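Beneath this line is the structure, given in structure tokens, with notes to follow.
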Amino acid sequence: MPLDKLLVTLGGLGAIALIVWFFWLWKKEGVAAALTSSGYQEALILVKGGYTPDVIVVQRGRPVRLNFRREETAACSEMVIFGDFDKSAKLPTGETVPIELLPDKPGEYEFACQMGIFRGRLIVE
Ligand SMILES: [Cu+2]
């Protein structure tokens, strides 16, 4: 195949890939926390084999309350740690444990179990 034809073919394939990605694969990441009447941005996070949801989106400058509910007994998820906010909490099985944060800078902040196996992210916009 001559070089110019090859380039046109490759260009066409690239355009198709871009279109497929844009329409079918691209979606906004994460779950937005709900603003409650108390002024908190709240989200419930299920802890079972990981965090569900594992990406939570909040707005900066408003207090955030993340309610962790652990529904397993595996030692791995015993604690949740927010290193950037210097916060951690024990998560007894079957209890809902709130973690309150005040994110004042936009960015992405990781949270994880004590061994760093389960991971999630808090996106501050
Ligand atoms: Cu762990």
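Each ligand, and each atom within it, is numbered from 1 in the order the structure gives. Just so it is clear, the structure is predicted and the values come from calculations on it, not from any experiment. The first residue of the sequence shown is numbered 1, and numbering continues consecutively from there.
With values rounded to the nearest 0.5 angstrom, Ile45 atom CD1 is found 15.0 Å from Arg70 atom CZ.
Under the salt bridge (Lys or Arg N to Asp or Glu O under 4.0 Å) criterion, the residue pairs touching residues 87-108 are Arg65-Glu100, Glu108-Arg121, with sequence neighbours excluded.
Of the possible polar contacts, none joining the Glu42 side chain to the Asn67 backbone as a donor-acceptor pair under 3.5 Å is found. Here the side chain of Glu110 pairs no donor or acceptor atom with the backbone of Arg119 at under 3.5 angstrom.
Scanning both residues, Gln114 and Ser77, for their nearest heavy atoms gives OE1-C, 4.5 Å.
Linking ILVMFWY residues whenever their side-chain heavy atoms come closer than 4.5 Å, directly or via other members, places Phe68 and Phe85 in the same cluster.
Listed by chain and number, the protein N, O or S atoms at a distance under 2.8 Å from the Cu ion (ligand 1) are Cys76 O, Cys76 SG, Cys113 SG, Met115 SD.
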